[in-house]
Amino acid sequence: MKTNKIPYFFLIIIILIATSLSCNLPGQDSPTNQIETGLVQNYQPAISAAAVPKYGLSEEQQTQLSTNGYPDRFTILFFKDTLLDGQIIDIRQESWYYDDVGYEIVFRNGEKFTESTGQPVTSPELGKTAYRPEDFIAGMNLDAVVAASEENGYYREPTDNALIKDGSLVFLKGLTVGFVGDALKYIETLPLGAAGDPANHP
Amino acid sequence: MKHRIAGILIVILAILLPAGVGMGQNNDAELAREIAFIVVADKYLGGGNSSTSLTLYRDNLQDTYNIKIDQVKIQSGEYSEPANLIAALEAERDSYTDHVNQLINATEQANRKVEINLIHQVVMGGADSVDPNAPDTPNSAVTDYAYSVRADQVQQTSNQVFDGHVANSIPEGRAVVNAVNPGRYNFDAGLAVALVPPSVVPGEDEVTLPPGGDQPGAHPPGSEAPPAGSDETLPPNIYKPVRFTNHGSVGVTVVVESYIPNPQVQPAPRSDASTVVTPITNSSAYLSLPQGTYTFCYYWELEGDEDDDGYFDYAHKVTGELSLNQNSPDEVDLAPSVALSPETNSSPNGRCGEGGNISADGLTPQELSNQGTFQYSFVCTIELSQDSNIITFRFTTGGVDVSDEGETVLFPKVSPNVCEVTDEGYIARITFTDSGFNYHAEGDGESDDCVVTRQ
């Protein structure tokens, strides 16, 4: 049986145009948990925190935890890079900060990439994050991030399209999160105020 | 079938979504974009503007490259090919600079009001703690943190990302990064985990979160997917090495010209990899490619300037077919070798993909040969069966109108032989060849490649 490729595209274009128009009709209810922009309160994720997959920490990371405990704060970047032979690799780069001693350790896909020691880091109301690096995995969606954070709301701000195509920044208690589409690309903990006191966080 | 639908949707979404998006970002620009979040967040946490943050980001990037370039110039004897290394570093520096400058320009044109006070309340105490009537001023604890701690953190993280990139992506990159930052990095960190062939690593967008899905500890430590060699889900290695031997007197750059996947294995996207092959065979003169049948294009610089336009002239050639299958060696030393024969006295016909002479209409021979209505047969990575279809290509000043069964879509031209529709992370690309065209679609973690032959 022959399959026409490009005609299928056109056919579904027409269907989608019609669908997109109907979605904009006034009075039509928004689906539950549709991604909203701006301040969103009383949000109930479709999944529970327990159902969110977690990252498996490497042996080096577990050794670090047993030595120094969980970091005071951390960032995780998910990106792609190209090797000399042209292969494209996925990198999860985690920076763990221990502010009391000014120590930073950076992992790439769970292996120590670099470390540095400087002056202790201080800033008004800076505390210790209640989040853990293993709470977040590449590509998880907003619903999963909210579930993992055990928060009930967020503030979502789309980025300029020319800046980060289809990107958005989402702010939760003690967290800044970057998405491209609905896929997690960046996590930064902000242990400030109530978010810097683990006792105030689930 | 799931993949086929995804492939179709990729194209549809690309066409439906608003136009005006930049095209053909290279991997370098992509890397700068992927880590731009850490910079953009400054606008909301620091209360400043992204333009200023991006300017600092750009200047820091330039500095990190300039330091490396200076190091190579001063210690040139430490490198086997210092000129090439400097050229590669300068090219990347300029590419990033151009890209970040575009971001700065875009940001300066955007004046959307951001409710920073609400964001600061959310960050400090959670969304449910927000008082919409709170004063419209930033919280000083957040802004102090942004300026006193976070600014350094952003630059440091950016440096680490790009040091890692130079070390692993540029020949002799490790030497120069190590010379500037002795012993600071473990360059191999994470590569073994990351080098799972892309076709079997669950795409980031493919992570699904059904109730009762992946449980904590389901994957081995340090990974989000089964590692290479695991018995859990991985098929045999579908990637095989190909070596290249240069029998000429000048270096060439080799790219894949055509690719038909091996139907016996899990299909993989066409490789965009290239490699430089010098007359004295260099150790990196190979490509690791998904199993399939290939031809390769290679191009080189000519000595003269035949058209006297002040630019180097180039010539290219296409090799014969080579097949890689399950029985092909996995070791580079034993890999099949493709002979390359560049000739410095060749007539210029451009680099690969640039076609040869341009017609009076501005069309390449490959475009001209496809202009009109023809029947085409498709062989695709997602659907391996042979299909055929009648398509009309009508070239215009802006690109090519692609018509089928009364419907027409404009694919804007991005370079000779290449027309592309792209938006919101979705790309559909047609690359015209002598025998038809190659079709590539990607987005949302899915991709499809077709070799399409004119009947």
Side-chain angles (χ1 to χ4, degrees), chain A residues 2-10 12-13 39 41 47 51 53-54 56-59 77 79 81-86 89-90 106 108-114 121 123-125 137-140 144 151-155 159-160 162-166 171 173 176 178 183 186 190 192-194, chain B residues 8 11-12 15-16 27 31 34-37 40-41 103 106-107 110 118-119 122-128 141-142 144-145 148-149 157 160 165 168-169 184-186 189-190 193-194 204-205 207 209 211 213-214 216-217 219-222 224 273 284 288 378 387-389 404-405 407 424-425:
Chain A
K2 293 181 178 181
T3 302
N4 290 337
K5 311 236 183 259
I6 294 180
Y8 278 11
F9 301 160
F10 300 144
I12 301 178
I13 286 167
L39 181 64
Q41 296 175 302
I47 57 173
K54 291 197 175 189
L57 294 176
S58 68
E59 286 184 16
L77 284 167
F79 60 91
D81 206 354
T82 307
L83 299 184
L84 277 172
D85 63 3
I89 58 172
D90 291 305
V106 181
R108 283 190 157 194
N109 296 334
E111 296 178 353
K112 189 172 89 173
F113 178 54
T114 186
V121 176
S123 185
E125 299 197 53
I137 64 171
M140 64 195 301
E151 283 295 300
N152 297 315
Y154 57 84
Y155 190 102
T159 59
D160 298 326
L163 200 59
I164 300 173
K165 215 159 43 168
D166 200 23
F171 301 90
K173 183 180 180 182
T176 300
Y186 149 74
L190 297 162
L192 296 164
Chain B
I8 292 169
V11 176
I12 292 161
I15 295 167
L16 278 178
N27 285 326
L31 184 60
E34 288 204 309
I35 69 164
F37 275 120
V40 175
L103 301 185
T107 302
L118 292 184
I119 291 173
V122 171
V123 167
M124 297 278 287
D128 289 347
V142 182
D144 286 350
Y145 171 79
S148 66
V149 178
T157 301
Q160 291 161 355
H165 170 73
N168 290 326
S169 302
R184 179 178 294 181
Y185 296 107
N186 168 19
V193 174
E204 290 174 4
D205 293 341
V207 173
L209 305 167
D214 284 357
H219 294 311
E224 290 160 2
S284 62
S288 184
F378 288 73
D387 297 335
S388 67
N389 199 15
D404 196 329
E405 294 189 353
E407 299 287 348
E424 303 292 331

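Hydrogens, waters and symmetry mates are skipped; everything else that's a heavy atom, side chains included, is used. First the proteins, then the strands, lettered A, B, ... as listed; each starts at 1.
The closest side-chain heavy-atom distance from B/Phe37 to A/Thr159 is below 4.5 Å. For the pair A/Leu77 and B/Thr157, the minimum side-chain heavy-atom distance is below 4.5 Å. The shortest distance between side-chain heavy atoms of B/Val142 and A/Leu190 does not fall below 4.5 Å.
Counting heavy-atom pairs under 4.5 Å between each of B/Gly126, B/Ser169, B/Ala141 and chain A puts B/Ser169 at the top. Top candidate by heavy-atom pairs under 4.5 Å with chain B, chosen from A/Val106, A/Asp166, A/Thr114, A/Leu39, is A/Thr114.
Judged by distance alone, with hydrogens and angles left aside, the side-chain atoms of A/Asn109 form a donor-acceptor pair with the main-chain N or O of A/Asp90 at under 3.5 Å.
Contact of A/Glu125 with chain B is made through the side chain alone, with heavy-atom distances under 4.5 Å. For a residue to count as touching a neighbouring chain, one of its non-hydrogen atoms must lie under 4.5 Å from one of that chain's; by this rule B/Val149 touches chain A with the side chain only.
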